[in-house]
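Report on one structure; see the data block that follows.
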Amino acid sequence: MSAERGTGQSTDVQMPFTAHLEELRSRLIKCCVALAASFLVCFQFAEPILDFLVDPLARVRAPGLVLIGTAVTEAFFTKMKIALAAAVIVSLPVLLWQGWQFVAPGLYEHEKRTTRSFVLFGSVFFLAGALFCYVIVLQYGLRFLLHRYEVIGVQPMIRVADYLSLAARLVLAFGIMFELPVGVYFLARAGIIDHTFLIRHGRYAAVAVAVVAAVLAPPDGVSQLLLMIPFAVLYAISTGIAYFVATDGR
């Protein structure tokens, strides 16, 4: 990365590798401070956040559904995990800003103008993905899965830690997934990728999201499809965005 590249001059002054490391260290420290401060605030509001995440489960109204705890420390550590997930969302604008500030010195001036709104659009699309997961995926996914208990005549007793951990992971996963069109737009504007690159690497992206879905979702095909289908749609939209950017620049 070049310290003077953003000036648009033809002669670049290269930053020493140690300077890059020091800059990265500074940005990571600021991200950690933002996360820690957000965590302390979110921990104070953990109960309302828990109620908010449990609401989709309550709306399912599966017969005999009960949330249970099976360990002495489960409630405390569940509260900490939920506060941490909420802290990531709250501090997201700071995290995106620090990431952009680290990359910005290596961009030309026209690339900077293109990417300055990255933080705003990145935050908006992340929240849109989280909201989509909360309103659509959790609601209908839980309804389908929990009513399977009714079909086989079993009373569902769900561990609160398992449910809240799953809900938090899915909300974060969908938030990150909805960043794809934003990232593709800015990368295409900067000339780093184009629609042909996305088409060529589509199979690798499908494998990657399948692995992520297997890690984040429960080990059943329905939950993993709830992640993979929206990703496929977003990938197609992103490819169209990259094509539009390429044709618009001609």
Side-chain angles (χ1 to χ4, degrees), residues 52-53 55-57 59-60 85-86 88-90 92-93 95-96 99-100 114-115 117-148 163-250:
F52 181 74
L53 288 175
D55 187 63
L57 188 64
R59 291 174 181 268
V60 173
V88 172
I89 297 176
V90 170
L92 180 67
L95 303 181
L96 292 176
W100 186 85
T114 299
T115 58
S117 55
F118 173 75
V119 175
L120 172 62
F121 284 101
S123 300
V124 169
F125 272 74
F126 184 94
L127 292 176
L131 185 62
F132 174 83
C133 177
Y134 181 81
V135 174
I136 304 297
V137 176
L138 284 180
Q139 183 72 29
Y140 293 100
L142 288 172
R143 181 177 300 172
F144 176 84
L145 293 173
L146 291 178
H147 278 302
R148 299 313 98 196
Y163 167 73
L164 292 173
S165 178
L166 171 65
R169 291 202 312 268
L170 286 177
V171 167
L172 289 175
F174 272 87
I176 294 171
M177 191 164 59
F178 268 62
E179 299 279 19
L180 182 61
V182 180
V184 166
Y185 174 80
F186 288 113
L187 290 173
R189 277 292 183 189
I192 299 174
I193 63 172
D194 59 14
H195 59 287
T196 59
F197 175 88
L198 294 175
I199 293 172
R200 284 199 312 269
H201 293 82
R203 70 190 73 171
Y204 304 112
V207 172
V209 77
V211 172
V212 172
V215 172
L216 293 178
D220 62 82
V222 175
S223 302
Q224 293 171 15
L225 282 175
L226 289 175
L227 269 173
M228 296 179 67
I229 292 175
F231 175 82
V233 174
L234 287 169
Y235 196 87
I237 293 173
S238 300
T239 303
I241 291 173
Y243 175 78
F244 173 78
V245 171
T247 55
D248 185 56
R250 291 174 185 172

Let me see the working for Leu92 and Glu179 under side chain to side chain contact (heavy atoms under 4.5 Å, CB included), right down to the final yes or no.
-> CA-CA 12 Å; Leu92 180 67; Glu179 299 279 19; 4.2 Å; yes

Residue pair Thr196, Arg200: steps toward the side chain to side chain contact (heavy atoms under 4.5 Å, CB included) verdict | CA-CA 6 Å; Thr196 59; Arg200 284 199 312 269; 3.8 Å; yes

Taking the side chain as every heavy atom from C-beta outward, state whether Val60 and His147 have any pair of such atoms under 4.5 Å apart.
-> yes

I would like to know whether Tyr140 and Phe144 meet ring pair (Phe, Tyr, Trp, His ring centres under 6.0 Å); could you show each step before the answer?
-> CA-CA 6 Å; Tyr140 293 100; Phe144 176 84; over 10 Å; no

Indicate the atoms forming the closest heavy-atom contact of Phe174 with Gly129, along with that distance.
-> CB-O, 3.4 Å

Atom pair CG/OH of Leu53 and Tyr134 - distance to nearest 0.5 Å = 7.0 Å

Going by heavy atoms in the side chains, are Leu146 and Leu57 under 4.5 Å from each other?
-> yes

Counting heavy atoms not belonging to Arg59, are there more than 12 under 6.0 Å from its CZ?
-> no

Test His195 against Val245 for side chain to side chain contact (heavy atoms under 4.5 Å, CB included), laying out the working first.
-> CA-CA 9 Å; His195 59 287; Val245 171; over 6 Å; no

Would you name the heavy atoms of Leu96 and Gly122 that are closest together and state the gap between them?
-> CD1-C, 3.8 Å

So how far is it from Leu187 CG to Phe197 CZ, rounded to the nearest 0.5 Å?
-> 9.0 Å

State, yes or no, whether a side-chain contact exists between Phe186 and Pro181 at a heavy-atom distance under 4.5 Å.
-> no

Judged by atom type as modelled, is there a donor-acceptor pair below 3.5 Å linking the side chain of Tyr235 to the main-chain atoms of Leu198?
-> yes

Side-chain (Tyr185) to main-chain (Leu180) donor-acceptor, under 3.5 angstrom = no

Distance col, row Leu234:CG vs Phe125:CZ, nearest 0.5 angstrom, shows 9.0 Å

From CA spacing to verdict: side chain to side chain contact (heavy atoms under 4.5 Å, CB included), Val171, Ile89 = CA-CA 10 Å; Val171 167; Ile89 297 176; 4.2 Å; yes

Start with the C-alpha distance between Phe132 and Phe178, add both sets of side-chain angles, then the distance that settles ring pair (Phe, Tyr, Trp, His ring centres under 6.0 Å), and finish with yes or no.
-> CA-CA 9 Å; Phe132 174 83; Phe178 268 62; 5.6 Å; yes

